[in-house]
Amino acid sequence: MTDNFNKEPSPWKFGFFYYNKKDRRLFPPKRFGLGWTINFANPLSVIVFLLILIFIFLIGHYLNR
């Protein structure tokens, strides 16, 4: 499967932030390497990202007790 969104340089801000309103995916593949990134143009993906960060913070806080 070809990924035309991933090859265009315009949705990539500062080279590593993915912002594309036309792409509905929450976590599109990274531009380089393996894995996924966050589509910051999709409000739901930003919410999921923030929830993951809060979860990590809470686990770190709990483990440091």
Side-chain angles (χ1 to χ4, degrees):
M1 179 174 131
T2 60
D3 189 1
N4 293 332
F5 289 126
N6 215 23
K7 294 184 179 25
E8 297 175 15
S10 60
W12 294 94
K13 307 301 179 197
F14 303 111
F16 59 94
F17 290 112
Y18 187 75
Y19 188 90
N20 189 346
K21 291 182 180 182
K22 295 178 186 176
D23 190 354
R24 297 179 58 128
R25 297 178 289 186
L26 298 179
F27 301 105
K30 286 185 177 181
R31 187 175 189 182
F32 302 108
L34 299 174
W36 296 273
T37 189
I38 296 163
N39 183 2
F40 285 98
N42 188 332
L44 184 57
S45 65
V46 174
I47 291 170
V48 170
F49 175 67
L50 291 175
L51 288 174
I52 291 170
L53 285 179
I54 290 169
F55 180 72
I56 291 171
F57 174 77
L58 291 174
I59 287 178
H61 182 70
Y62 176 74
L63 292 177
N64 284 332
R65 280 183 167 198

Euclidean distance, [Y] [atom2] relative to [X] [atom1], rounded to 0.5 Å:
X	Y	atom1	atom2	result
Ile38	Arg25	CD1	CZ	14.0 Å
Lys22	Asn39	NZ	CG	13.0 Å
Phe49	Thr37	CZ	OG1	8.5 Å

Donor-acceptor pair, Asp23 side chain versus Pro28 backbone, under 3.5 Å?
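Between the backbone of Pro28 and the side chain of Asp23 there is no qualifying donor-acceptor contact (under 3.5 Å).
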With the 4.5 Å side-chain cut-off for hydrophobic clustering, are [X] and [Y] part of the same group?
X	Y	result
Tyr18	Val48	no
Tyr62	Leu53	no
Leu50	Leu44	yes

Hydrophobic cluster partners of Phe57 (side-chain heavy atoms under 4.5 Å):
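Traced through the cluster, Phe57 reaches Ile54, Leu58.
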Hey, what else clusters with Ile47 if you join Ile, Leu, Val, Met, Phe, Trp, Tyr whenever side-chain heavy atoms sit under 4.5 Å?
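Members other than Ile47 - counting any ILVMFWY side chain reachable under 4.5 Å - are Leu51.
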For Phe17 together with Trp12, are the ring centres under 6.0 Å from each other?
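No, they do not, as the ring centres are separated by 6.0 Å or more.
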Listed by chain and number, what are the side-chain contact (heavy atoms from CB on, under 4.5 Å) partners of Tyr19, not counting sequence neighbours?
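Partners of Tyr19 by the side-chain contact (heavy atoms from CB on, under 4.5 Å) criterion, ordered by chain and then number, come out as Lys13, Lys21, Phe40, Ala41.
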Nearest atoms (heavy-atom pairs only) where Leu26 meets Ser45:
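Smallest interatomic distance, heavy atoms only, reads O-CB, 3.4 Å.
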Output all residues satisfying ring pair (Phe, Tyr, Trp, His ring centres under 6.0 Å) with Phe27, sequence neighbours left out; order by chain, then residue number.
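For Phe27, no residue satisfies ring pair (Phe, Tyr, Trp, His ring centres under 6.0 Å) once neighbours in sequence are set aside.
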